[in-house]
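One structure below.
Here is the naming used below: chain letters follow the sequence lines, and residue numbers restart at 1 for every chain.
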Amino acid sequence: MSCPLPHEFFARPSPVVAADLVGKIIWRHGIGGGRLVEVEAYLPNGDEACHAAQGKTARNAMMFGPPGSLYVYVSYGVHHLLNLVCEEEGIPSAVLIRAFQPWKADLNLRRMRGDDNGDMPVRDIASGPGRAGQALGLDLTWNGQSLGRESGLIVADDGQRSAVQRTARIGISKADDLLLRYIAPGSEFLSRSPRWGENVAPPPVAPDRRR
DNA sequence: TAAACGATTAGCT
DNA sequence: GCTAATCGTTTAT
């Protein structure tokens with residue numbers, strides 16, 4: 001049993017949303033999905049790695065949309081990377097979906113990844129932002145759509161708790177000192193190192209802090 | 001109008 | 001470990 005996250009969930013700062021997204025279920029109706037194990041937050045201010053750092057452009061316009069919007073863009077001319085837009089409309093921040101653990105019935109995900117023979121290791125199906133986007137069958141027509149029944153893409157909470165660790169973001173050349181990559185520590189389905197234990201820091205908010 | 005640049009991945013050495 | 005592939009967008013001329 002699981003319930004889709006309300007859009008209010010995304011109307012918060014992206015680091016908070018990112019930390020809460022680890023362990024949640026991402027699912028495309030009719031295709032499939034799995035449990036999020038790796039995401040990255042991008043900030044509206046003071047984040048040179050954010051696509052909106054130089055202001056609004058044709059590409060990043062959807063980052064300014066309402067919370068729960070999808071920002072999809074093409075990376076290296078090959079891959080479609082999925083972001084979930086955070087904060088209220090007009091504030092450009094988002095969470096990049098970098099990896100998820102495929103759900104048991106992963107046949108559709110395999111087909112989307114071009115694995116018709118079914119011999120791709122499960123850990124290779126969605127362990128990376130490009131792989132995750134391809135597994136979900138996303139392209140530029142998804143840019144600007146919104147999470148929910150209409151689009152067919154949802155993020156849900158199935159009640160299962162997940163530990164969260166914070167590390168430096170991957171694949172960027174600017175602002176790589178910010179620890180805004182959130183992972184399920186020890187997961188086999190992360191995109192790449194640090195899989196666990198390296199360069200990690202506690203979550204921004206301690207889960208059970210007492211005075 | 002031209003050139004450069006990736007929030008990457010697969011395949012090969 | 002190294003690099004080609006590949007193209008929408010941004011930035012420079």
Under the side-chain contact (heavy atoms from CB on, under 4.5 Å) test, residues paired with Arg12(A) that sit two or more places apart: Phe9(A), Val16(A), Val17(A), Asp20(A)
Going through the checks in order, is the side-chain contact (heavy atoms from CB on, under 4.5 Å) test met by Leu70(A) and Ser146(A)? CA-CA 5 Å; Leu70(A) 309 183; Ser146(A) 187; 5.8 Å; no
May I have the distance from Leu178(A) (atom CG) to dA7(B) (atom C1'), rounded to whole angstrom? 13 Å
In plain terms, say whether Arg169(A) and Glu40(A) are close enough for a salt bridge, that is, a side-chain N and a carboxylate O under 4.0 Å apart. no
Could you give all pairs that pass the side chain to side chain donor-acceptor pair (under 3.5 Å) test and reach residues 87-96 of chain A, with sequence neighbours left out? none
Can you tell me how far P of dG6(B) sits from NZ of Lys174(A), to the nearest Å? 7 Å
Dump every N/O contact between nucleotides 10-13 of chain B and the protein below 3.5 Å, one line per pair.
residue, atom, partner, partner atom, Å
dA10(B), OP1, Arg113(A), NH1, 3.2
dA10(B), OP1, Arg113(A), NH2, 2.9
dA10(B), OP2, Arg131(A), NE, 3.0
dA10(B), OP2, Arg131(A), NH2, 2.5

Without decimals, in angstroms, what is the distance between His80(A) NE2 and dT6(C) P? 14 Å
For Arg28(A) and Leu153(A), indicate whether the former's side chain and the latter's backbone hold a donor-acceptor pair under 3.5 Å. no
Rounded to the nearest angstrom, tell me the gap between atom OH in Tyr76(A) and atom C1' in dA7(B). 8 Å
Smallest heavy-atom separation, Asp47(A) atom then Leu43(A) atom, equals OD2-N, 2.9 Å
Looking at Asn60(A) and Thr57(A), would you say the former's side chain and the latter's main chain have a donor-acceptor pair under 3.5 Å? yes
Can you check whether Val85(A)'s main-chain N or O pairs, donor with acceptor, with Asn83(A)'s side chain at less than 3.5 Å? no
Can Arg35(A) and Asp158(A) be counted as an ion pair, charged N to O under 4.0 angstrom? yes
Tell me the interatomic distance from Arg181(A), atom CZ, to dA7(B), atom C1', rounded to whole angstroms. 12 Å
Using the P atoms only, state how far dA4(B) lies from dA4(C), rounded to an integer number of Å. 16 Å
Determine the contact category for Gly77(A): base if any of its heavy atoms lies under 4.0 Å from a base atom, sugar-phosphate if only primed atoms, P, OP1 or OP2 are that close, otherwise nothing. base
Ser69(A), Pro44(A), Pro92(A) screened by side-chain contact (heavy atoms from CB on, under 4.5 Å) with Phe64(A), the one that passes: Pro92(A)
Interatomic distance, Leu140(A) CG vs dT6(C) P [rounded to whole Å]: 17 Å
Assess whether a salt bridge exists between Asp106(A) and Arg111(A), defined as any Lys/Arg side-chain N lying under 4.0 Å from an Asp/Glu carboxylate O. no
Going by number, which of residues 40-59 of chain A have a non-hydrogen atom under 4.0 Å from DNA chain B? Tyr42(A), Ala49(A), His51(A)
Check: Tyr73(A) ring centre within less than 6.0 Å of His80(A) ring centre: no
Tell me: CG of Leu81(A) to C1' of dG8(C), nearest whole Å? 13 Å
Under a 4.0 Å heavy-atom cutoff, the residues of residues 95-102 of chain A touching DNA chain B are Leu96(A), Arg98(A)
Dot-bracket for DNA chain C, 5' to 3', counting Watson-Crick or G-U wobble pairs under 3.5 Å, with [ ] for crossing pairs and | for inter-strand pairs? |||||.||||||.
Per the side-chain contact (heavy atoms from CB on, under 4.5 Å) rule, which among Ile26(A), Val37(A), Asp157(A), Leu5(A) passes with Leu21(A)? Leu5(A)
Please evaluate residues Leu136(A) and Met112(A) with respect to the criterion side-chain contact (heavy atoms from CB on, under 4.5 Å), reporting the C-alpha separation (whole Å), side-chain torsions for both, the decisive distance (0.1 Å), and the verdict. CA-CA 7 Å; Leu136(A) 293 172; Met112(A) 287 296 186; over 6 Å; no
